Q: 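Please read through the structure below; I'll follow up with questions.
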Amino acid sequence: MLHFKTIPEDYVRKTVQCAQVALSCTRASHQTAVRGANKPAPQLAALTPKARSFVERSAALCQPDHVHVCDGSEGEASALLHLMQQQGTLKPLTKYENCWLARTDPADVARVESRTFICSEKERDVIPAARLGQKSALGNYIAPPDYEKVVADRFPGCMRGRTMYVIPFSMGPVGSPLSKIGIEITDSPYVVYSMRVMTRIGSKVLEALRQDETFVRCLHSVGTGGVPGWPCDPQRTVILHRPVDNEIISYGSGYGGNSLLGKKCFALRLGSVLARREGWLAEHMLILGITDPKGRKRYIAAAFPSACGKTNLAMMTPSLPGYKVECVGDDIAWMKFDSNGVLRAINPENGFFGVAPGTSADTNPIAMATVFKNTVFTNVAETQDGGVWWEGMGSAPENLTDWKGQPWNANKNTPAAHPNSRFCTPAGQCPIIDGDWESAEGVPISAILLGGRRPAGVPLIVEARDWKHGVFMGASMRSEATAAAEHSGKVVMHDPFAMRPFFGYNFGDYLKHWLSMPQPKRQMPKIFHVNWFRKSDEGKFLWPGFGENSRVLEWVLRRCDGETCHQETPLGFIPKDGELNIKGLGDIDMKQLFSIPQDFWLKEADAIEKYFKEEVGEDLPKEMWDELEILRKNVKHS
Ligand code: OXD
Ligand code: MN
């Protein structure tokens, strides 16, 4: 809980009762109204008592000049855009409709995992037994007194001279039984505008709050420092989560993953805790619908680490004739078994915060058809005619301005767009958005894919023998590091369930939660591990990927239908010879693509054992040790 004991009461009254707040640039829609001492400003009167108390305490702590409760209207959005242009945060991209370019401080470009903490009374609530008191690869723990201190060192008075925005937001369609509500308080108009894209915000959420007062408290400040137009405090950035109090506090960064608190902080870290408590799953997964040539539609959820192609798969244009893919979400899935035993998923988000580099008319034509209106681009390169460019989009136009605002010199070997540059775009304008993407009950999931970037040793697709084996596949996932966080180099990292940066609680308990899912009368989705990224000894990709991945999905669907198009291997089931449709693909080295090198897999089993022992220890469910032994035995006898 936030304690604001040192802030004088009359300050709260002054700020909150008298400062009906205003986007300083608009007069018409947001006039400052000075009210009588006992009357709350109308905006604050719209808040439920708990929400109001959160706002009042935050105002007392941060001491903003104004408080503005966001209504989510178009007028408010235009006022924010106007303000951000004045402040130098955004510039219009005149080539497109309602598109904007933001350049961050070069020190504020990615999620900061090393400064992201989960707070709980007991360290073991957060960190598996093997790493208690030490650095853990599966999350950072912060004790309650340290948490309080971090807040006390950063927040008092941090919004002086600024407006404090109050954003009521819903993760998931407003009113769905699977959705949850949060209130983010921030001093960043960029965050407000982006939250408006990425979540559902405003009056309709306040209305829903009146039915059920529960919400997650999210407090964010960009802090002081940074460059003109992009205030931030990279040296002192910190992202805190306190699940027991439904609280998230973030300081010092405006970058999406650290500041749009509905996304990673709420939907995954706090979400995973809520999901465990309430018996559902909050996962780092895309959701797609796929219709086969017979017109049967199924939904698939898929977990890949950041920047491994989730958006591409979610918006895939299938190369196989007669197939159609539709997108429900590209990053996060909240899934719950319904009363008929069907696993139902919603995308809690309302937009795509996608990695721009690598997105092109070849790799993701649907994303290209989505992002050139109503979008905020961050840290991409700018073309002379008011457009954008990034590596992988096609050949570079003349006279580019790079992501730092400098003329780009192709010979200098620095990227024009930052590798983690992003588009933030409304999901509803995706041309293949699924008809049921906002369905209150969620879409039924038939299969779950897990995967990562594995240049060596790991076959294109392997089906888990059963749920337990699938959980082991998730627990032992590894992938090459990408630019989405502050890691460097191409090191292959363990990233269980693609959730490594996003666990809200002890990973051993997370696995137990997954293992508890099968119950009588539940229809368990099949689980598969995929790897689009295997390379030949010469360093060439063995599989074309992108739209051709529909061939792999076709096999997945056939397996879901119970076809015996599989064969057993030491790792699980792979397509029987001739059963993966590669017609028309030319030269595909299926032998290498599906080979299971014994020495590689014995080493992999050792690496998994080391990881389990050193990172999890006695919190690892016994079932995982059993599965590891099965793997090792199978590989030895292969
Ligand atoms: C993301 C990430 O932004 O995973 O989705 O980093
Ligand atoms: Mn992600």
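Excluded from the calculations below are hydrogen atoms, water molecules and symmetry mates; all remaining heavy atoms, backbone and side chain alike, are included. Numbers here simply count residues along the sequence, with the first being 1. As the structure lists them, so they are numbered: ligands from 1, and atoms in each ligand from 1. Worth saying up front: this structure is predicted, and the values here are computed from it rather than measured.
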Q: Is there a polar contact between ligand 1 and K310, counting only N or O atoms under 3.5 Å apart?
A: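 No - when backbone and side-chain N and O of K310 are compared with those of ligand 1, no distance drops under 3.5 Å.
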Q: Counting each atom of ligand 1 from 1 as listed, which ones have a heavy atom of H284 under 4.0 Å away?
A: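 Here the atoms of ligand 1 in question are 4 (O).
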Q: With sequence neighbours excluded, what pairs up with F612 under the ring pair (Phe, Tyr, Trp, His ring centres under 6.0 Å) test?
A: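 So F612 forms a ring pair (Phe, Tyr, Trp, His ring centres under 6.0 Å) with W625.
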Q: Taking Y141 for the side chain and S120 for the main chain, is one N or O donor matched with an acceptor at less than 3.5 Å?
A: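 Answer holds: yes.
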Q: Decide, yes or no, whether a salt bridge links D436 with K297 under the criterion of side-chain N to carboxylate O below 4.0 Å.
A: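 No, no charged N to carboxylate O under 4.0 Å.
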Q: Are the charged groups of E278 and K336 less than 4.0 angstrom apart, N to O?
A: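 Salt bridge: no.
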Q: I'd like to check the side-chain contact (heavy atoms from CB on, under 4.5 Å) partners of F215; sequence neighbours left out, ordered by chain and number.
A: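 Expected list: K50, A51, F54, I181, I183, L209, R217.
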Q: Out of A110, G257, A498, S306, whose heavy atom is nearest to atom 4 (O) of ligand 1?
A: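 Comparing heavy atoms across A110, G257, A498, S306, the nearest one to atom 4 (O) of ligand 1 lies in S306.
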Q: Can you list everything that forms a ring pair (Phe, Tyr, Trp, His ring centres under 6.0 Å) with F533? Sequence neighbours excluded, please.
A: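 None.
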Q: Using 30° and 60° as the class limits, which term best fits the ring planes of Y251 and F155: parallel, tilted or perpendicular?
A: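 Ring orientation, 0 to 90° scale: perpendicular.
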Q: List the steps and the verdict of ring-ring contact (aromatic ring centres under 6.0 Å, His included) for W403 and W390.
A: CA-CA 9 Å; W403 68 278; W390 47 74; over 10 Å; no
Q: Around the Mn ion (ligand 2), how many protein N, O or S atoms are there at under 2.8 Å?
A: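 For the Mn ion (ligand 2), protein nitrogen, oxygen or sulfur atoms under 2.8 Å: 3.
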Q: Ring-plane angle category for Y611 and H494, please: parallel below 30°, perpendicular beyond 60°, tilted otherwise.
A: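 Taking H494 first and then Y611, their aromatic rings lie parallel (interplane angle under 30°).
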Q: With nothing but distance in play, are any N or O atoms of Y255 less than 3.5 Å from an N or O of ligand 1?
A: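 Y255 vs ligand 1: no N/O contact under 3.5 Å.
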Q: Relative to the heavy atoms of D331, which atoms of ligand 1 are at a distance of less than 4.0 Å?
A: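 Selected atoms, number and element: 5 (O).
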Q: Which of the atoms of ligand 1 are close to K264, meaning less than 4.0 Å from one of its heavy atoms?
A: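 Contacts of ligand 1 toward K264, numbered from 1: 1 (C), 2 (C), 3 (O), 4 (O), 5 (O).
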